[in-house]
Amino acid sequence: EHGSVEGRHTGPKCIVLDVGANVGACTLLFARQGHRVIAVEPEPSNLMLLRASLDLPQRAADSFGHVSVAAVAADESTGSVQIGRDLANAGNSDIAAKPQPGVVFSTVPTSP
């Protein structure tokens, strides 16, 4: 079974890099299609939900066993960065977020 993303063909042995995987909607889609997926997600709440999704019971044929999770923010060097999460919009995490009501910050590791 093959799929496509924005008109690009994905063959049977693709490696998919999901940078900013959030809670894993695309990660799970590509894993279900049999692709190996590397999900990059640094935000702690999203990371927890992504891992919970991967732990859901699956039929053997629909396993999410081809997923690796990188709990880091992609950057030019190894270190750490502050990431802000908007509590009113779970999909809105930003390393450029400014302190304001409703935004919580976490220090997350970075890796090239």
Side-chain angles (χ1 to χ4, degrees):
E1 183 172 324
H2 304 285
S4 67
V5 176
E6 295 182 10
R8 297 191 187 267
H9 181 72
T10 58
K13 294 192 181 197
C14 287
I15 298 175
V16 177
L17 182 60
D18 187 2
V19 178
N22 201 284
V23 300
C26 292
T27 296
L28 301 177
L29 170 71
F30 285 112
R32 175 70 49 92
Q33 292 177 344
H35 302 295
R36 184 173 187 283
V37 182
I38 302 168
V40 180
E41 178 54 54
E43 202 285 316
S45 297
N46 290 340
L47 186 59
M48 179 185 67
L49 292 170
L50 170 62
R51 287 183 170 149
S53 295
L54 293 170
D55 287 340
L56 291 172
Q58 298 294 311
R59 295 182 309 214
D62 295 332
S63 173
F64 296 135
H66 299 291
V67 176
S68 300
V69 176
V72 298
D75 198 1
E76 294 177 356
S77 60
T78 301
S80 64
V81 67
Q82 288 274 11
I83 188 167
R85 179 174 184 259
D86 183 346
L87 294 176
N89 180 355
N92 186 14
S93 301
D94 190 348
I95 61 169
K98 304 216 182 319
Q100 59 186 334
V103 176
V104 294
F105 288 87
S106 302
T107 301
V108 298
T110 61
S111 181

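- Applying the 6.0 Å contact sphere to CD of E76 captures no more than 12 heavy atoms from other residues, nucleotides or ligands.
- Rounded to the nearest 0.5 Å, atoms CG (L54) and CG (L49) are 11.0 Å apart.
- Here the straight-line distance linking atom CG of D94 with atom CG of N89 works out to 11.0 Å at 0.5 Å rounding.
- Residues L28 and V69 share a single hydrophobic cluster, defined by chaining ILVMFWY side chains whose heavy atoms lie under 4.5 Å apart.
- T27 approaches A39 most closely through the heavy-atom pair OG1-CB, 3.5 Å.
- With hydrogens and angles disregarded, a donor-acceptor distance shorter than 3.5 Å links the side chain of T110 to the backbone of S77.
- Atoms SG and CG, on C26 and L17 in that order, are 12.0 Å from each other to the nearest 0.5 Å.
- Under the 4.5 Å side-chain heavy-atom criterion for ILVMFWY residues, no single connected hydrophobic cluster contains both F30 and V23.
- Contact annotation: the side chain of P42 never approaches that of L47 to less than 4.5 Å [non-hydrogen atoms, C-beta and beyond].
- Judged purely by atom type and a 3.5 angstrom limit, E41 uses its side chain to pair as donor or acceptor with the backbone of E43.
- Cluster membership check: V81 does not share its hydrophobic cluster with V40, using side-chain heavy-atom separations under 4.5 Å among Ile, Leu, Val, Met, Phe, Trp and Tyr.
- Residues I15 and V72 share a single hydrophobic cluster, defined by chaining ILVMFWY side chains whose heavy atoms lie under 4.5 Å apart.
- The CG atom of N46 sits 12.0 Å away from the CZ atom of R51 when rounded to the nearest 0.5 Å.
- V108 and I95 fall within the same hydrophobic cluster, defined by Ile, Leu, Val, Met, Phe, Trp and Tyr side-chain heavy atoms under 4.5 Å apart, directly or through other members.
- Contact detail for H66 and G34: the closest heavy-atom pair is CD2-O, 4.5 Å.
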